[in-house]
Amino acid sequence: TPLGSASSLPQSFLLKCLEQVRKIQADGAALQERLCATHKLCHPQELMLLGHSLGIPQPLLSSCSSQALQLTGCLSQLHSGLLLYQGLLQALAGISPELAPTLDMLQLDVTDFATNIWQQMEDLGVAPAVQPTHGPMPTFASAFQRRAGGVLVASNLQRFLELAYRGLRYLAEP
Amino acid sequence: ECGRIKVSAPIVRLGDPITASCIINQSCSHLGPEAQILWKLGAELQPGGRQQRLADGTQESTITLPHLNHSQALLSCCLRWGNSLQILDQAELQAGYPPATPHNLSCAMNLTTSSLICQWEPGPDTHLPTNFTLKSFKSRRGCQTQEDPITNCVPENGQSRCSIPRKHLQLYQNMSIWVQVENALGTSVSPQLCLVPMDVVKLEPPTLWALDPKTEVVPLQPGCLRLRWEPWKPGLYIEQKCELRHQPQLGETSWALVGPLPSRTLQHELCGLLPSTAYALQMRCTRWPLPGLWSNWSPSLELTTAQR
């Protein structure tokens, strides 16, 4: 089967990916809820200015959109995006004792998903020789910046996952 | 130091022989030249000690116990002194068995604790201090290749189960798991399990609810009842299938099974039952179409069917 077509992907891989997206979305929602409940930071819109100054990067997922779906590109962008969020979540370490378990779980699940994607790319023979890294991360200089950063990163991650979910669902369609 | 015991091996297999020797120093000067060395195992004198005077003037007695049948025993080297038996040295003897091969290793992913809980059958008691370790490594397809080793899981005292925490797991990748058991008489390992943690996820059962009759638009038909259920919340992100079982509360009728059913429904009508009869209903779910383990059955919901 041509490499670019979705049918070259095992159905179980796609089902697992969809499950992992839902799991990470649930973890992300838990982090957002706790940031709101514990630190009264509930709305990303209130933190746009701070977000710009912190320079929080947002990954592309253009190859996963149904209009321009390109399998190898989609997997690659998905993997790079997950690496980026892995780095952002690491940069948020020390966010607050109450949130640490939730943040750890989110980070573990994002890492698992990135590994799953990477291994599938290797199995398809489309993985680059060297695994990419996430590049420079913003510096969250205070506890407040880590919490505000947490709100923004979680919100961006949910949007990223929503796009990923649509792309994966499209790929999973028989 | 008046006397000193040496044993061939401090730990032997239960029923095996054990040989010990006891040397009495000349420093025990107040003893007569031909002092007789005696052996006691626990409280019982043991015949058969062979005594000799060594070149340096010390006395040595050697004894072989043909079958050590106690898992723990104290061997004493004694001398008769006047009317008493003087204990000069003691050795702690242990006997037992090498560890048997652990078997029936099984694991389940617990979403409440986010850990992989494995359990096994340890095999017969070895009568000796025995250490079990759950060992594992991350792998790829079919566990043929070993990738990153995972931190050993040491069960709490005497338990035949161990819990690998989330941070050591990759939920969607193969891992190979086995049990290693060790004591002074040997080591044994169980057969290896190759699994993907999420493929052995065990959900908690759903919650069943009766529907409020006052809110019913359509009256129930005789022999029918209505209920609804909700999946276990931590498993919401997992696609599942469920099955329902029911049985009349009175009498010996066995459970009847209904399924597959979706993991959530606001209203489900069950018909073809005995009218005006109290039924017990239970439900269980499993990850599906991806692999998983069935949850336990839910607690019973008791409902009575509509009368004729």
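Chain naming here is simple, since letters A, B, ... match the order of the sequence lines and numbering starts at 1 in each. Given the structure is predicted, the values throughout are model-derived calculations rather than measurements.
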Practice item. Please indicate whether Gln221(B) has more than 12 foreign heavy atoms, meaning atoms of other residues, nucleotides or ligands, lying under 6.0 Å from its CD. Key: no
Check your understanding: Is the CH2 atom of Trp209(B) crowded by more than 12 outside heavy atoms at less than 6.0 Å?
Key -> no
Exercise for review: Give a yes or no on whether Arg169(A) atom CZ has more than 12 heavy-atom contacts from other residues, nucleotides or ligands under 6.0 Å away.
Suggested key: no
Review point. Does the side-chain contact (heavy atoms from CB on, under 4.5 Å) test come out yes or no for Lys16(A) and Leu171(B), once each step is laid out?
Key: CA-CA 10 Å; Lys16(A) 282 181 186 178; Leu171(B) 300 186; over 6 Å; no
Exercise for review: Please list, in residue-number order, every residue in residues 20-39 of chain A that has a heavy atom less than 4.5 Å from any heavy atom of chain B; write 'none' if there are none.
Suggested key: Gln20(A), Arg22(A), Lys23(A)
Exercise for review: For the residue pair Leu290(B) and Gln11(A), establish whether any side-chain heavy-atom pair is separated by less than 4.5 Å.
Suggested key: no
**Study point:** Verdict with supporting geometry, Glu19(A) and Met198(B), side-chain contact (heavy atoms from CB on, under 4.5 Å)
**Key:** CA-CA 10 Å; Glu19(A) 184 176 275; Met198(B) 277 307 284; 3.3 Å; yes
Review point. Is there a side-chain contact between Gln119(A) and Gln173(B) (heavy atoms, below 4.5 Å)?
Key: yes
Exercise for review: Please name all residues satisfying side chain to side chain donor-acceptor pair (under 3.5 Å) with Arg264(B), sequence neighbours left out, ordered by chain then number.
Suggested key: none
Study note, to complete from the structure: Applying a strict 4.5 Å limit to non-hydrogen atoms, the region of Pro289(B) in contact with chain A is side chain
Exercise for review: Evaluate whether atom CH2 of Trp288(B) has more than 12 neighbouring non-hydrogen atoms of other residues, nucleotides or ligands under 6.0 angstrom away.
Suggested key: no
Review point. Where along residues 49-59 of chain A does a heavy atom come under 4.5 Å of chain B, listed by residue number?
Key: none
Point to revise | chain B contact residues among residues 104-118 of chain A, heavy-atom distance under 4.5 Å | key: Met105(A), Leu108(A), Asp109(A), Asp112(A), Thr115(A), Asn116(A)
